[in-house]
Participant: 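Please find one structure pasted underneath; my questions will follow.
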Amino acid sequence: MALLDAEVRTSGARGARTTLALAMCFHHAVLDDGGPDAAIRDLDQLTRGHDYAYYTDIAHFMAGRSLHIPSTERWYDGPDQVRDRWRSLVTARPAQPGPWQGLAR
């Protein structure tokens, strides 16, 4: 994962960097290892004032965290239903070890 992160940063492709940062948020949320907060901060720095700002909302939803500031996003089904759907992706992951647990943090 660290090699992929370095390659994406070198490429300068903001979309790829934000997608990788969102994947890291998901990774830490599944592991419930305390890492989502740092990953969310990294994602927020990448997206603030740019495209993909809604990724920060999604990362909060996946981690079961409340938003620090009110979202400017308008979710089709409303924020509560969207939050529940994203959180269920994390909580539906199996509890037993899987290939994602070997990824670098």
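As the structure is a computational prediction, the values presented were derived from the model and not from experiment. All residue numbers refer to positions in the sequence shown, counting from 1.
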Participant: So which atom in Ala53 and which in Thr47 form the shortest heavy-atom distance, rounded to 0.1 Å?
Facilitator: CA-CB, 3.7 Å
Participant: From Asp33 CG over to His27 NE2, what is the distance, rounded to the nearest 0.5 angstrom?
Facilitator: 6.5 Å
Participant: Give a yes or no on whether Trp86 and Ile40 share a hydrophobic cluster (residues Ile, Leu, Val, Met, Phe, Trp, Tyr; joining criterion: side-chain heavy atoms under 4.5 Å apart).
Facilitator: no
Participant: Can you list, pair by pair, the side-chain donor-acceptor contacts under 3.5 Å of residues 76-83, counting residues two or more places apart and other chains?
Facilitator:
from: Asp77; atom 1: OD2; to: Arg85; atom 2: NH1; distance (Å): 2.5
from: Asp77; atom 1: OD2; to: Arg85; atom 2: NH2; distance (Å): 3.1
from: Arg83; atom 1: NH1; to: Arg65; atom 2: O; distance (Å): 2.9

Participant: Do you know which two heavy atoms are closest between Cys25 and Ala59, and how far apart they sit?
Facilitator: SG-CB, 3.7 Å
Participant: Excluding sequence neighbours, so at least two apart, what forms side-chain hydrogen bond (donor to acceptor under 3.5 Å, both in side chains) with Arg74?
Facilitator: none
Participant: Checking Ser71 now: which residues fulfil side-chain hydrogen bond (donor to acceptor under 3.5 Å, both in side chains) with it, not counting sequence neighbours?
Facilitator: Asp57
Participant: Once ring-ring contact (aromatic ring centres under 6.0 Å, His included) is applied, do any residues pair with Tyr55, and if so which ones, sequence neighbours excluded?
Facilitator: Tyr52
Participant: Rounded to the nearest 0.5 Å, how far apart are CG of Leu67 and CZ of Phe61?
Facilitator: 5.5 Å
Participant: Between CD of Gln45 and OG1 of Thr56, what distance do you get to the nearest 0.5 Å?
Facilitator: 10.0 Å
Participant: Pair Leu22, Met62 - check side-chain contact (heavy atoms from CB on, under 4.5 Å), show working.
Facilitator: CA-CA 10 Å; Leu22 182 61; Met62 287 189 298; 3.5 Å; yes
Participant: With sequence neighbours left out, what residues match Ala21 under side chain to side chain contact (heavy atoms under 4.5 Å, CB included)?
Facilitator: Leu43, Leu46
